[in-house]
Each structure stands twice: as C-alpha cells, then as structure tokens.
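Below, each value reflects all heavy atoms present in this structure, side chains not excepted, and no hydrogens, waters or symmetry copies. Here is the naming used below: chain letters follow the sequence lines, and residue numbers restart at 1 for every chain.
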There are 2 protein chains.
Amino acid sequence: MSGARSTAIGRPRGFDTDEALERAMRVFWQRGYEGASLTDLTTAMGITKTSMYAAFGNKEELFRKALQRYSDGPARYIESALAEPTARAATEAILRGAVRTSTSPGDFAGCLTVQGALPSSDGCRSAHDVLVEWRNQAGARLEQRFRRAVRDGDLPRGTKPKRLARFVMTVAFGISVQAANGVGRDTLDEIVDHTMLTWPG
Amino acid sequence: MSGARSTAIGRPRGFDTDEALERAMRVFWQRGYEGASLTDLTTAMGITKTSMYAAFGNKEELFRKALQRYSDGPARYIESALAEPTARAATEAILRGAVRTSTSPGDFAGCLTVQGALPSSDGCRSAHDVLVEWRNQAGARLEQRFRRAVRDGDLPRGTKPKRLARFVMTVAFGISVQAANGVGRDTLDEIVDHTMLTWPG
DNA sequence: GGCGATAAGTACCGGCCGGTACGGAAGGCG
DNA sequence: CGCCTTCCGTACCGGCCGGTACTTATCGCC
C-alpha cells in the first residue's frame, strides 16, 4: 500500500494503517455499511476524516479494504477449510469456523459479509454488490471443492456438488443470522452437529 | 385502528391506510429499516409526511405495523405450517414457505425480518430488537410444536425439540440470505429437498 | 537553514435525515 | 349558512451525512 519508495519524502504517517483498518473493519462488522458513519469509523480508527480519505480513498473503498482484511483475518477459516483432506472435513471446518467467527467473544455477533448490507438502499448499492459477489464466490469455491471430491471418489458418485455446496452455505449463512440473534456458541455448535449427521454416504 | 366512532367527524382521510401500510411494508422489505427513508416511504405510500405521522405515529411505529402486516400476510405461512398434522410436514411447510416468500416474483428477494435490521446502528436499535424478538419467537413456536410432536410420538423419543427447531430456523434464515443473494426459487427448493432428506426417524 | 513534499487539523460544504408548525381544504352538524 | 373537527400541503427545523478546501505541522534532502 504505502509506496515505500526508495526515498520516502514528506511527513510520515502518524498512525498505523493496518491497525486503523482493523478497527474500521470491526465497526463495519458491528454496524453494517450503512450504519457505520464516517464519524463512527474515524473515531474508532483514532484519526480524522482527512487522514482517512488520504489513506483509504473514501468510505466505499475503506469498506472494500476492510472486507479484504476480514477475508484474510476472521474469515480465513474458509481458506483453510477448503484445504482439508475430505469434503466432509471441509464442510465441518466451514461450519465450525462460521460459528467461531460469528460468536468470537469481544467481537460482535454475526458475520460482516452477511450483516454488511443485505438490503440495498440506493446509497449502498455498491457495497451490497460487493458482498453478494463475496458470498456467491465462497459458495462457488466450495462447489469446486466438492466437484473434485466427487471426481476423487471422496463423495458418492451421484452427489451434485452445486446443490450440496449451496446447502452448506445456506446453513453457514443461517448460523450467522442466529448468532446476530444472540444465540450462543454452544447452541450453534449443536446445529453444526445436527447438520453433519446428514452427510451423504 | 381508525376509531370508526359512530359519528365520524372532520375531513375524511384521503387514502386507504391498509394499502398505504402495504406499500410501506414493501419498502421496508426491499431496503431495510435504515435504508428506507421517510421520503422513500411516503412516496411509495402516495401520501405526505404529515399524513403519515398523523396516521401511523412515526417511522418506528410504522415499521412495527408494517412488520405486523408482514406477519399476517407474506409470513402467514408460518402460522399454517404450525398447524400441519406432523412435525415433518410443518417443517417442510416452513421451509417451502420461506422459499416462496423470499422469491415471490414482483416482490423483493429475501425476508423482511432478516433484511430489516441485522446490524444495530444506534439509530435503529429498537427496530433491531423488534426483529430479534420476532425471529426468536418464531423459533420458540416451532420448538413448542416439536415438543408436542415428541409427546405424541410423532417424533422419535430421543429428539431434542429445541435443537431441531433451531436447525430448521437456521436453514430458513439461510434461505432468505441466499434469496437476497439472487438465488432462484428452484434452486432454493432443492435446498429444501436436501434438508428434508435429513429428517430424523 | 531553506525547500519540496506529504500528513494532520479545522472549519466548512450542499444535501438529506426524521420530525414538526402552520394555514388552508374538506367533511358532518346545527 | 357558520362552526367544529379532522386531514392535507408547504415550508421549515436542527442535526447529521459523506466529502473537501485550506492552513499548519513534520519529515527528508540539499
């Protein structure tokens, strides 16, 4: 991000962009795109609006970068889940990960990518679209993982990867709604238990 | 609502409150509580702000009434689902109903009670709380239905009603997120098919 | 120290937010 | 008809929204 050109000229930045972005991410997580005002964001980030605009562009770009950070941080479990040796293990890792992230103590209930901007008031259309894309892509990657599993004989021959992936993602999304509703970690883990009982084959 | 006192005095109302509320409900459905501005609402309702305030109180009360209308209209399927003869039929009715309502053509994708206000920016805390309450109550009623089913031998003796109800509600919530994501009715029905395969007993 | 470059802080922008004051319009009733 | 009551339309409120112009502070380099 910071050019880090051989020679850095000018007054150096007075804050840590990574930490500021982390804090912004949490505000978006808690309040959603619309609900997070610039005042909320910059206050949490500990900087002024001008600094925010200089460092991140505008609110929309800040959100995009916060979402990226979310993917690399709290939602990293998706990446590692896909690397699990079996489709079943991948699924359970995703669901357990969703539970853990949606209920991490000290953080906020729910999932940034679900709470962020479900409805689409005109003003936040682009944030909405980014999240739709994010969610669909997550499903697509799981589908691809399942497709490979069928090819490898890890899943029964008749299994439809797309359908199974959509089912798993549906449960994952539902989990984050339940978490936002105040349902606790243990209860959500029971839901995962129940879901895993239904595994094909 | 309208007093309808034996003698109606004064200038009569120039619009149909039911239809206005219906239209307001749809705006909330599409945009969520925060995303629906008074201008959006009154424009869709075809009345002025003053008329709206006189007839419904304020934005928050309007939302509450719109939610009630949603319960009595698009979400009526929950009521009838609970009256199904078996727990399995009730579950399938809820899930199919969620699919149908979340994807009714001409209306908007998703479910008012999920899209309405998932995150809680300070300004919409009360709308948020109302929806949390709504969702939890829906789950509680399903749980009670399951509890009866266990008592009646309709569900296997070991079944945990609370757990099963939460699972079903999780899938239902997930369905509405998927619908908001643009997933179509047929695909969602496949998810219901898949879910029903897992029925205990 | 002086200069160029970048960041930080202040004060402000037009616009929309939810909500309201007020005067006129439209009905029943004597 | 006048009168009372209720509703409608306009014009407006303070406050916050996302975003910005301009000044001041802090750096590297010569």
Side-chain angles (χ1 to χ4, degrees), chain A residues 1-21 24 27-28 31-66 117 119 121-128, chain B residues 1-21 24 27-28 31-66 117 119 121-128:
Chain A
M1 190 64 41
S2 62
R5 223 67 202 89
S6 54
T7 54
I9 358 179
R11 176 174 172 175
R13 189 165 275 147
F15 61 96
D16 183 333
T17 54
D18 272 358
E19 185 173 333
L21 186 54
V27 174
F28 281 128
R31 302 188 183 259
Y33 181 80
E34 283 195 283
S37 73
L38 280 191
T39 305
D40 293 334
L41 290 163
T42 52
T43 299
M45 296 165 88
I47 62 179
T48 61
K49 284 190 208 177
T50 19
S51 299
M52 194 282 278
Y53 274 88
F56 300 101
N58 58 19
K59 186 182 178 183
E60 190 183 319
E61 286 186 41
L62 177 63
F63 180 72
R64 241 182 272 268
K65 284 162 186 162
S121 137
D122 292 341
C124 67
R125 168 78 58 172
S126 74
H128 171 84
Chain B
M1 193 62 43
S2 63
R5 224 67 202 87
S6 54
T7 54
I9 351 179
R11 176 174 173 176
R13 190 166 273 146
F15 62 95
D16 183 334
T17 53
D18 272 358
E19 184 172 333
L21 186 54
V27 174
F28 280 128
R31 302 188 184 260
Y33 181 79
E34 283 195 283
S37 73
L38 280 191
T39 305
D40 294 334
L41 290 162
T42 52
T43 299
M45 296 164 90
I47 63 178
T48 62
K49 283 190 208 177
T50 2
S51 300
M52 194 283 276
Y53 273 88
F56 300 101
N58 59 19
K59 186 182 178 183
E60 189 182 320
E61 287 186 39
L62 177 63
F63 180 72
R64 242 181 271 269
K65 284 162 185 160
S121 134
D122 292 340
C124 67
R125 168 77 59 173
S126 75
H128 171 84

Output the rounded distance in Å from [atom1] ([X]) to [atom2] ([N]).
X: M45(A); N: dA8(C); atom1: CE; atom2: C1'; answer: 14 Å
X: D40(A); N: dG18(D); atom1: CG; atom2: P; answer: 8 Å
X: D122(B); N: dC16(D); atom1: CG; atom2: P; answer: 12 Å
X: I9(B); N: dG2(D); atom1: CD1; atom2: C1'; answer: 17 Å
X: D16(A); N: dA7(C); atom1: CG; atom2: P; answer: 15 Å
X: Y53(B); N: dC22(C); atom1: OH; atom2: P; answer: 18 Å
X: N58(A); N: dC17(D); atom1: CG; atom2: C1'; answer: 14 Å
X: M52(A); N: dC17(D); atom1: CE; atom2: P; answer: 12 Å

Q. Can you tell if the side chain of F63(A) reaches within under 4.5 Å of the side chain of L41(A), non-hydrogen atoms only?
A. no

Q | Nearest to side-chain heavy atoms of P12(A), which nucleotide of dG19(C), dC27(D), dG18(D) | A | dC27(D)

**Q.** Residues which pass salt bridge (Lys or Arg N to Asp or Glu O under 4.0 Å) with R64(B), listed by chain and number, not counting sequence neighbours
**A.** E60(B)

(Q) With nearest nucleotide decided by heavy atoms, which residue, L38(B) or F15(A), maps closer to the 5′ end of DNA chain C? (A) F15(A)

Q: Quick one, give me the B/S/- string for nucleotides 9-14 of chain C, reading 5' to 3', where B means a protein heavy atom under 4.0 Å from the base and S means that only happens at the primed atoms, P, OP1 or OP2.
A: BB----

Non-neighbouring partners of [X] that pass side-chain contact (heavy atoms from CB on, under 4.5 Å), sequence neighbours left out:
X: T39(A); answer: S37(A), T43(A)
X: A66(A); answer: L21(A), M25(A), F28(A)
X: T50(A); answer: T48(A)

Q) Taking only residues at least two apart or on different chains, which pairs with a member in residues 33-51 of chain B satisfy salt bridge (charged side-chain N to carboxylate O under 4.0 Å, His left out)? A) R31(B)-D40(B)

